[in-house]
Every structure is written in structure tokens, then in C-alpha cells.
Amino acid sequence: MKIELPPVISAFFRPELDSRVRLFNLLAMAGIVISLLIVVFSSVLVGGLQIAAISFFSACLAGGLLYYSNTSGQYQRCYLITILVIFFAGFALLFLAGGAYHSGMPSFFIFSILFTVFMLEGRKMFIVAALEIIFYSLLCLYAYSVPSQVVWFETDEEAILDIIFGFVTVSVTLGITIHLSFHLYNSQQCQLEQARKVAIQANQAKSLFLASMSHEIRTPINIMLAMNEMIIRLRAPAEIAGYAARAQEAGRMLLALINDNLDVAKIESGKLELVEEAYLTDALVQNLVRLGREQTGNKGLSFAAEVTGLPVALWGDSLHLRQIAANLISNAVKYTETGSVSLSLTGRTASDNSGIMLTIEVTDTGKGISRELLPFIFEAFTRSEEARNSKIEGTGLGLAIVRELTERMGGRIAVASEYGQGSTFTVEIP
Ligand code: ADP
């Protein structure tokens, strides 16, 4: 059942207000109601006038603080005034004026300590709550040692009535407060969950759009590259062949970029599927060696490949495996100006005898990776300052794709590198 509050009151519980502020407003309202009830109730008790005066003052103060905090936004200041004036001074006076520990006041002491715990934060909360506990304990001891300073109830009926009034009002107020806090927490959790679902859907839609756009763009680029290839092969005049070669280079770069985007979008939208089948290891090795030789040859670097312990055939996703190794080789060539790049493929029996553990290692004598960049190297869009400022083309997506593919295959990737000392990337795939 949903209770509709009048607009004047519901304004104090607007969802955009901080949950503590709403709680303060609730407790201040409860304070006004309780204090006014005590004013009425005290007329039948001993020391009634004094109690009524203090309670009336408390009701006015709670109303004033409610108004001031909501118009000025100075909530912390209002919490502290409440604690100092009402919980320390006001409650001490009420305690001594209305039956001390033979009254409902100890219930209100619990209320004030809980209010402090709800409203204050961190060290301030611990200190004030501890001070309250000590202060209220000392008050009880004071009333016990100097009973002449206490206005005691004249009859047991009065005391019992006050005790019942105390615990009923405190339990109702605290009950409502705690219930509302849980309600608030639950509805905020629901809203967060809703927002999370919307964000995931939006992200998936974006990835899907990116994937289909990249896919669509690939077809015309491939046609343009093929047409360009035709121009080069048709022995065009040197000037035109030069233009075509540059178009070819730019087209390849664009294709690589689109391919990286497509991979990332596929991974993000959960559309990347591994296709596992038996494959011939020799075909994979030959392919990678050819790629390594070609790329290092274009840049005047030397290339070495070493193959150890590989069986004739293996089970796995050879296409993505090739993509991992090819990315690492391309990077090694890209970030090496002089020296060599080496590739090593090793097959070992897995420690739990479940099959062969394939290790791909790509080492270069290039720039290396700085210590600051190393921990973030596998995150998307991470590039060294040097790579970003130099003419080296790249998106910062290659290694993120390599890591994602490796992990999807149940493997792991590691890098050992120091700035200026070359790098070694190691991928282990079961
Ligand atoms: P990209 O090469 O497109 O920038 P990558 O994700 O493949 O993106 O690599 C991220 C960054 O890691 C590169 O920009 C480069 O700074 C660094 N890096 C990758 N491989 C090497 C390497 N073999 N040697 C030195 N730096 C590397």
C-alpha cells in the first residue's frame, strides 16, 4: 500500500535529496510530534510545567532546524546543534526533571545515540556517540548519588506511564526510520540495476553498430585495394604507380584499423566465437614464418624462428591463434628500428596431462616498454607517448585484442620488457 503524503511534507523527502538529509527531516518531524505529545502528556505528571516548557522549546528548536537546514543546506551544522542542545542539554534537564532512571528517558538516550550514528560520519560519529554513552551513564550515576537533585515521580503509575510513553514513541520513530531507510535503499538498488541494464543495452547497441559498420566498410576497401593492385600490376607509368603504391599503403592501414575495430566490437557485443577444430601445426608455422620474414625484410631487420616439440596436428582455433601471433610479430617489427625479431613456438605436455600447452614467444631488440606503461599495456587504447607522437600507425587496440583472445582460449599472456632493451611477449595456450 502506498501512502500519499501532502506536498508540504513530501517536499522534505524528494528523491534528489541525500538519504541522510531525508532521514534528518524525518527525525526532526518526529521530534516535533514527540515533543508536542510530551507537552500534552506532561500536564498529568509531576514537574509537568518544567517538562512541558523544555519539550515545547525542543519542538520549536526541531521546527527551526528543519526549516533552517532545508533553506540553507547546512545539514551538518543542524545535526550538531540537535546533538548539543537537545541530546545533551535538553535530555539531561528532562531526565532530572522527570523521574531520572525511573522514567522513559533512557529510551530517548538510545534514540539519540542511534540518531548520531545515522547522521554523522567517520571519526566524528564515533567520538560523539562515545561521549553520549559516557554522558548518559554519568547522568544515571549522578541521579543515584545525589537523588535530591531529581524530581521523582510521586507514584508508580506515573513512572510506568512515562516508561511506556518513552519506549512506545522511540520504538515507533526508530521503526519507521529503519523501515524507510531499507525502503530507500531497496528502491535505489532497483534504480541502479535498471540504469545498469539500460547502459549494457546501449553499449551492446553501440558495439553492434560498430561491428556492422566496420564489416560494411571492409567490402569497398577490399575492392579499392584490389583495383589499386590492378593498376600497379598493369605496369602503369612511374608517377601513377607511385600514387597507387601510396594509396595501397593507406588502404592497408585503413583495413587494419577497421579489422581491429571489428574485433573489439565483436568481443564487446559477445559475438566473437571460437571455432575449434583439428589443424596442421606445420601450416600455422609456415604462415607465421612467411609473415615474419616479409615484415622484417621490408624494414631491414633479421628474423629467426624456432619450433620445438610441436605435434603434427593440434586441436584449437587456429585462425585466432594465428591472429595472436601475427599481432605480436607486427608490433615487434613496428617498434624495432634495428636488430632482430624472433619467433618461438613450443609444445609441451600440460602439467595435468590434459594435452599440449602451446607457447608462442615473440622477442625483439626494439624500443622496449617503459616501466610506467607496462602494467596498462594490454588495456584498449593504451599507447606509449612516443608511439602517439611518432609516425608509427596504430590504434592501441592490438594488444587488448590479443589478451582477450588468449583469455577466451583459456590461456594467459605475459610481457617482459625494459625501456630501450627490447621486449618479449609470451602467450601460453592449453
Ligand atoms: P598499437 O600498436 O596499435 O599502438 P597495441 O595495443 O598493439 O596498439 O600496442 C599498445 C602499445 O604498446 C603500443 O602503442 C606501444 O607503445 C606498445 N608496444 C606494443 N608492442 C610493443 C613492442 N614489441 N615493443 C615496444 N612497444 C610495444
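All values below come from the heavy atoms of this structure, side chains included, with hydrogens, waters and symmetry mates left out. All ligand and atom numbering here is 1-based and tracks the order in the structure.
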- When you measure from the side chain of Asp364 to the backbone N and O of Gly422, does any donor-acceptor pair fall under 3.5 Å? no

Please list, one pair per line, the donor and acceptor atoms closer than 3.5 Å that link side chains of residues 126-133 to other protein atoms, with sequence neighbours excluded.
unit_1, atom_1, unit_2, atom_2, d
Glu132, OE1, Thr116, OG1, 2.9
Glu132, OE2, Thr116, OG1, 3.0

- Query: Ion pair present between Arg290 and Glu294, side-chain N to carboxylate O less than 4.0 angstrom?
  - Reply: no

- Show the protein residues that qualify under the rule heavy atom under 4.0 Å from an atom of ligand 1, listing them in chain and number order. Asn331, Ala332, Lys334, Tyr335, Asp364, Gly368, Ile369, Ile377, Thr382, Arg383, Ser384, Ala387, Gly394, Thr395, Gly396, Leu397, Gly398, Leu399, Ser423, Phe425

- Determine which pairs satisfy ring pair (Phe, Tyr, Trp, His ring centres under 6.0 Å) with at least one residue from residues 164-222, sequence neighbours left out, and list them in order. Phe41-Phe165

- Query: Mind checking whether Tyr79 and Phe24 have parallel, tilted or perpendicular rings, split at 30° and 60°?
  - Reply: tilted

Donor-acceptor contacts, no H, no angles, side chain residues 221-234, under 3.5 Å, sequence neighbours left out:
unit_1, atom_1, unit_2, atom_2, d
Asn222, ND2, Arg218, O, 3.3
Asn228, ND2, Ala244, O, 2.5
Asn228, ND2, Gln248, OE1, 3.0
Glu229, OE1, Gln248, NE2, 2.7
Glu229, OE2, Arg233, NE, 3.3

